[in-house]
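Predicted, not measured: the structure shown is a model, and the values here were computed from it. Each chain gets a letter, A, B and so on, in the order the sequences are listed, and its residues count up from 1.
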2 protein chains.
Amino acid sequence: MTNTTLKLLAQQLQLSISTVSRALKDHPDISTATKEKVHALANSLDYEPNAYAIQLRTQSSKIFGVIVPAIANLFYDSFIAAIEEESRKNGYALMILQSSNNPENELNNLKIFRQNRVSGVFACLSAHTQNLDVYEKMSDRDIPVVFFDIVPKENKYTKVRMADERCAIIAAENIIQRGAKRVLALFGDPALSISQKRKQAFQQFMEKYAPKTHCTYVHTNSSLEAEAAFNKHIGKTQKFDTVFAMTDEILIGVMKSIQALNIKVPKEIGVISISNGFIPSLYHPNISYVETSGYELGKLAFVQMLANIKGGKTLSELTVDAKFVEGGSM
Amino acid sequence: MTNTTLKLLAQQLQLSISTVSRALKDHPDISTATKEKVHALANSLDYEPNAYAIQLRTQSSKIFGVIVPAIANLFYDSFIAAIEEESRKNGYALMILQSSNNPENELNNLKIFRQNRVSGVFACLSAHTQNLDVYEKMSDRDIPVVFFDIVPKENKYTKVRMADERCAIIAAENIIQRGAKRVLALFGDPALSISQKRKQAFQQFMEKYAPKTHCTYVHTNSSLEAEAAFNKHIGKTQKFDTVFAMTDEILIGVMKSIQALNIKVPKEIGVISISNGFIPSLYHPNISYVETSGYELGKLAFVQMLANIKGGKTLSELTVDAKFVEGGSM
DNA sequence: CCTAAAATTGCAAACGTTTGCGGTAAATTT
DNA sequence: AAATTTACCGCAAACGTTTGCAATTTTAGG
């Protein structure tokens, strides 16, 4: 079945294509009478403009590209959900590609975005991306890029991210308030700037405001490693009264071990983490956490994108603030 | 900076646009010498074909639409991850929209897909969609639709889904094998066909092969409800030796309660669920589950889509098989 | 009534490709 | 050396829109 086009409508109505086009978008040049006729026929013939033709003609696509390490991820999927909502409201659609933390995929994905002349891209750097030339190519094409979560260091880019330092500090505050004496603090991959930032902020704060509290810092790369690390450090004699998990992944490992050893939370040990909120809600008692909302980050990123498109200069880096959510584990 | 086009290349090389076009795609009509020249310039000028122009000209888009109730969902995001992988391999990109279980959004999303002349759409019906006219409109436009997970009843549609009945039966088998005497079986929203199917299959199987086992069937609509229901039925005197959770959502509620009451798994109670696998792995011991892989479903859906596009008639309904994964909770 | 202004509508080019067909020059066959 | 292939390349239309401008009709002012 052949699609309805402007030409077809024009023929049937004995009008020119341009008149039909204008009528459809309520152009003041067109009389009410013709507008009505055109709309009527368009409806009955189920006319739907061809997005490609429009994009070709107007050189703008109403599509945003999104590139994440993985879609199947509690944080990123809520981020995506947020920008999807906003996009729809603003008449944009989303093209989502995953990098799988592989710079080569990242490259190809950006290429697809360029070829589709997306209006903008939301990008989360894959874990070890060094070379940002690819993104330079995007600005050459006048395609705005908003980086989120894992962002480049340079100031010239537009970026939104969690207030990592704040998160760590809020966690530290609560740990101090609990009167913790011995803390086991677990962080992620030390090569990632997010781990560095959180650890540094945490450590500095603890040393400054609770110098007597003894903290042990450990880096782990997965839930399994975290579980093993927790097991090892918890040893036979329960030496720690509080454990801090930098991410959900780490929290999961810790909680596995806590369940296995049947340690009572919060009586025998206090638990606090940085999280989206979903994982902490799975346990009893709920784990207290510092909230980093992918959803909020998405909303913020979208605002930045729109500002960027409208041409207004945007602040180079915005962060979404964190707040503490009491669970019962502290 | 202006984009490189065929025209630009042609001008610089003193060739016609058509020659450049053909050279770029290794058309036999073009001499090796010119091909080399063209490729060289194209590379140095970073030529990237305009997808819209191509799509307009060729009337085919290399984009698939995906419509899910929610992206932020353990099952759907692994489904999406799977088709994204396959799509990339096959030169397609994905446009993902969420319905939020709202038929109105579903309608709008499909409209966007039509306007973008997607090559096909993967659709998961929103929970209470009754009217399938919208999807008829897609076939009018020759856009193939592969339904997944929540699928229409009619045979004329192409669909892939989990083998719901098999899942329930496998769970039942394992419950019987455990020698369960009193089972608490929790199912989801009774209005959904997935709940009906699983419950019916489970019940029939139990009644046939373990008529003496006492089963209590309960429907709940959320984790919270599941938690409350479990609490209520578990009562003071521990009456059940086994609990079956139809979904992750329900399992989460059950486990909350189990942790709170400090019930020992599997000694005091056996736990089994139907799941993707992620949630069951969060607990100690890991919860045994019947695996329903969104990832596998995605792969299968993609095969169906490709078959559909190639024009070969596809089987109306395919299911991905389920398998039992031993956790330690039974 | 005539003319100028206002209200409508149409023409045609442009966006960047692809592709059928026709044209020329070189190579091959008689 | 003439006739026929073969190899290479360009012309131009088409895909479905948008939009500046010109053309036409209607309306209003005198």
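The closest side-chain donor-acceptor pair between B:T158 and B:N308 falls under 3.5 angstrom.
Applying the ring pair (Phe, Tyr, Trp, His ring centres under 6.0 Å) rule to pairs touching residues 105-125 of chain A yields A:F64-A:F122, sequence neighbours excluded. The salt bridge (charged side-chain N to carboxylate O under 4.0 Å, His left out) pairs that include a residue from residues 88-110 of chain A are A:E84-A:R88, A:E86-A:K89, where partners are two or more places apart or lie in different chains.
A:I17 meets the side-chain contact (heavy atoms from CB on, under 4.5 Å) test with A:L6, A:K7, A:A10; sequence neighbours excluded.
One atom, CG of B:L13, and another, P of D:dG10, lie 10 Å apart when rounded to the nearest Å.
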> Can B:D149 and B:Y76 be said to form a side chain to side chain donor-acceptor pair (under 3.5 Å), step by step?
Replying inline: CA-CA 9 Å; B:D149 197 40; B:Y76 294 126; 2.8 Å; yes
>> The test is side chain to side chain contact (heavy atoms under 4.5 Å, CB included); show your working for A:V68 and A:N73 and say whether it passes.
In response: CA-CA 10 Å; A:V68 289; A:N73 172 298; over 6 Å; no
What does the list of N/O pairs under 3.5 Å between the protein and nucleotides 4-6 of chain C look like, with a distance for each?
none

Extract all donor-acceptor atom pairs below 3.5 Å that involve side chains of residues 27-36 of chain A and protein atoms in other chains or at least two apart in sequence.
{"residue": "A:H27", "atom": "ND1", "partner": "A:D29", "partner atom": "N", "Å": "3.0"}
{"residue": "A:S31", "atom": "OG", "partner": "A:T34", "partner atom": "N", "Å": "3.4"}
{"residue": "A:S31", "atom": "OG", "partner": "A:T34", "partner atom": "OG1", "Å": "2.5"}
{"residue": "A:T34", "atom": "OG1", "partner": "A:S31", "partner atom": "O", "Å": "3.0"}
{"residue": "A:K35", "atom": "NZ", "partner": "A:H27", "partner atom": "O", "Å": "3.2"}

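Classification of the A:F148-A:F79 ring pair by plane angle, with boundaries at 30° and 60°, yields parallel.
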>> Each nucleotide in nucleotides 7-17 of chain C should get exactly one letter: B, S or -. Can you fill that in based on protein heavy atoms under 4.0 Å?
In response: -BBBBBBBBBB
